[in-house]
Amino acid sequence: MGKAKTSKRGGASSTPYERPAKNAAANNVFKFSKDFGQHILKNPGIAETIVAKAYLKPTDTVLEVGPGTGNLTVKILEQAKKVIAVEMDPRMAAETTKRVQGKPEQKRLEVLLGDVIKTTLPSFDVGRNNFRPPPQVDSSVVRIEPKLGSERPNISFEEWDGMLRVCFNRRNKTLRASWLGNKEVLAMLERNYRLWCATNDIPVDDTVADEEEDDNEEMEVDENVPPSAGDEEEEWGGIMDVDGEDDDTPSFFKESMKAEIPKTKSKRKKTRVALLVKEKVRKVLEDVTELADKRSGKCDENDFLRLLAAFNAEGIHFS
Ligand SMILES: C[S@@+](CC[C@H](N)C(=O)[O-])C[C@H]1O[C@@H](n2cnc3c(N)ncnc32)[C@H](O)[C@@H]1O
């Protein structure tokens, strides 16, 4: 029987590392697994900034998911009372543990080995059993802070708020359905547009559109966009509430609708200004921003900023 080969590096079972080193992270002594997303933050300045942005208090207990070699962990420990770090790779877990071994911080670090998805975590989140009756989902506490100074977009926040209320009336609807498929929304936009025209000495065409113009307009509103993968389907019925009863209408629209809007003779007939507003909305959603088929829940801040700019450019305002 041949002699078993012995590793010059001390054998695979005695250490996960390929060669001894004082600082495994710095020397990259074991192979990082891209499957586990093991990209280690090597810039201490960034690590410090990340931790600074968390505005940790000395009384905080922090849950860190995937500490890797512990670069963030040691920074967090400088600011917080305790860190509970969940790491699925034993080599990484060992590395993180080693960072504080024999130091005062050791007592304040708990490393849990395992997949965070399958690990029973200490209760950081607000579990459903804290509510009565228990909801279907757990909650998390998030910190939302207003942007200040140059980070703050130069927009009217009243307008921003007004526009987002429409978008998030039903966040799983497409923007087309939220804007063009809700008669109360369109009426509110028409009212605002009339006000804007009056303020800017722009005449509005209050004549009644003929059947043909009106019908063409209705056809353009039609949509049949199935939800994309991952979308919640609960809202999707495949049908738009073009002219039907709309239970989604927020009360503030209903209230604003009490204001006078010139009525047309027939229920079906619309004024040309109403059609113009509808066409402007269609243009903003489909041609300018190309966001018509996107759902609000999937849009980001930049999408909404583009949307507001495009509406305003068409003379459509929300305050
Ligand atoms: C991108 S590294 C981040 C390392 C460290 N936070 C840093 O900034 O240097 C991601 C770490 O998460 C770990 N990881 C990936 N999926 C995990 C999971 N489901 N549960 C626990 N740890 C996980 C990986 O092993 C890896 O160490």
Side-chain angles (χ1 to χ4, degrees), residues 7 9-129 136-145 151 229-232 297-298 300:
S7 162
R9 292 176 184 152
S13 59
S14 65
T15 171
Y17 311 120
E18 289 169 25
R19 59 187 151 88
K22 273 189 182 165
N23 183 344
N27 294 302
N28 193 9
V29 293
F30 53 82
K31 212 169 183 300
F32 295 131
S33 162
K34 286 197 182 143
D35 290 348
F36 289 169
Q38 288 175 348
H39 301 273
I40 301 303
L41 191 60
K42 59 178 190 178
N43 183 334
I46 303 271
E48 250 154 43
T49 309
I50 292 172
V51 176
K53 294 251 185 233
Y55 301 111
L56 296 172
K57 295 194 293 292
T59 50
D60 285 340
T61 296
V62 176
L63 172 67
E64 188 186 8
V65 178
T69 54
N71 288 343
L72 276 177
T73 320
V74 290
K75 302 267 178 230
I76 298 168
L77 279 167
E78 287 170 11
Q79 314 269 330
K81 185 174 82 172
K82 187 174 179 183
V83 175
I84 298 171
V86 187
E87 173 56 63
M88 72 189 304
D89 184 334
R91 303 168 309 162
M92 294 289 192
E95 200 56 44
T96 300
T97 307
K98 270 182 22 186
R99 296 288 289 268
V100 294
Q101 232 159 26
K103 296 183 182 167
E105 296 94 300
Q106 188 174 353
K107 279 193 188 148
R108 296 190 288 116
L109 172 66
E110 191 179 331
V111 179
L112 302 177
L113 182 62
D115 183 342
V116 70
I117 307 289
K118 297 174 191 155
T119 306
T120 310
L121 297 171
S123 57
F124 280 83
D125 287 346
V126 187
R128 63 191 78 175
N129 292 330
Q136 296 280 311
V137 291
D138 287 335
S139 311
S140 287
V141 178
V142 294
R143 190 200 303 267
I144 299 175
E145 292 183 14
E151 284 203 323
D231 281 353
E232 291 160 56
K298 305 281 175 196
D300 60 20

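Every number for a ligand or one of its atoms is a count from 1 in the order of the listing. Everything quoted here is computed from the prediction, not taken from an experiment.
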A.B. asks: So does Arg91 get a backbone contact from the side chain of Asp89, meaning a donor-acceptor N/O pair under 3.5 Å?
C.D. replies: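 Yes, because the side chain of Asp89 sits within donor-acceptor range (under 3.5 Å) of the backbone of Arg91.
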A.B. asks: Looking at ligand 1, is there an atom of it that comes within less than 4.0 Å of some heavy atom belonging to Gly114?
C.D. replies: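 Checking ligand 1 against Gly114, which is what was asked, there is a heavy-atom contact under 4.0 Å.
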A.B. asks: Give yes or no for whether the N/O distance cutoff of 3.5 Å, strictly under, is met between Met92 and ligand 1.
C.D. replies: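 Met92 vs ligand 1: no N/O contact under 3.5 Å.
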A.B. asks: Evaluate the side-chain proximity of Pro90 to Leu113: yes if any heavy-atom separation is below 4.5 Å, no if none is.
C.D. replies: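 Yes, their side chains come closer than 4.5 Å.
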A.B. asks: For the atom pair CZ (Arg99) and CG (Leu77), what is the distance rounded to the nearest 0.5 Å?
C.D. replies: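 It comes to 10.5 Å.
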A.B. asks: Record the part of Glu87 in heavy-atom contact with ligand 1 below 4.0 Å; permitted values are side chain, backbone, both and neither.
C.D. replies: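 Both backbone and side chain of Glu87 come within 4.0 Å of ligand 1.
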A.B. asks: Please work out which of Gly68, Gly66, Ala47 has its closest non-hydrogen atom nearest to atom 6 (N) of ligand 1.
C.D. replies: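 Result: the heavy atom closest to atom 6 (N) of ligand 1 is in Gly66.
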A.B. asks: Checking the side chain of Thr96 only, and the main-chain atoms of Gly68 only, is there a donor and an acceptor separated by less than 3.5 Å?
C.D. replies: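 Confirmed, Thr96 side chain pairs with Gly68 backbone.
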A.B. asks: Check Pro67 against ligand 1 and report side chain, backbone, both or neither, counting heavy atoms closer than 4.0 Å.
C.D. replies: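 For Pro67, only backbone atoms sit under 4.0 Å from ligand 1.
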A.B. asks: Which residues pass the side-chain contact (heavy atoms from CB on, under 4.5 Å) test with Gln101, not counting sequence neighbours?
C.D. replies: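 Checked Gln101 against side-chain contact (heavy atoms from CB on, under 4.5 Å); matches are Thr97, Lys98, Gln106.
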A.B. asks: Suppose I only count heavy atoms of Asp115 and a 4.0 Å limit; which atoms of ligand 1 are within that range?
C.D. replies: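 Counting atoms of ligand 1 from 1, those under 4.0 Å from Asp115 are 18 (C), 19 (N), 20 (N).
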A.B. asks: Looking at residues at least two apart in the chain, or sitting in another chain, which of them share a side-chain contact (heavy atoms from CB on, under 4.5 Å) with Glu110?
C.D. replies: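 Residues passing side-chain contact (heavy atoms from CB on, under 4.5 Å) with Glu110: Lys82, Ile84, Leu112.
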A.B. asks: Show the atoms of ligand 1 that are less than 4.0 angstrom away from any heavy atom in Val86.
C.D. replies: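 Contacts of ligand 1 toward Val86, numbered from 1: 21 (C), 22 (N).
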A.B. asks: Under 3.5 Å between any N/O of Val65 and any N/O of ligand 1: does that happen in this structure?
C.D. replies: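 No; the residue has no nitrogen or oxygen that sits under 3.5 Å from a nitrogen or oxygen of the ligand.
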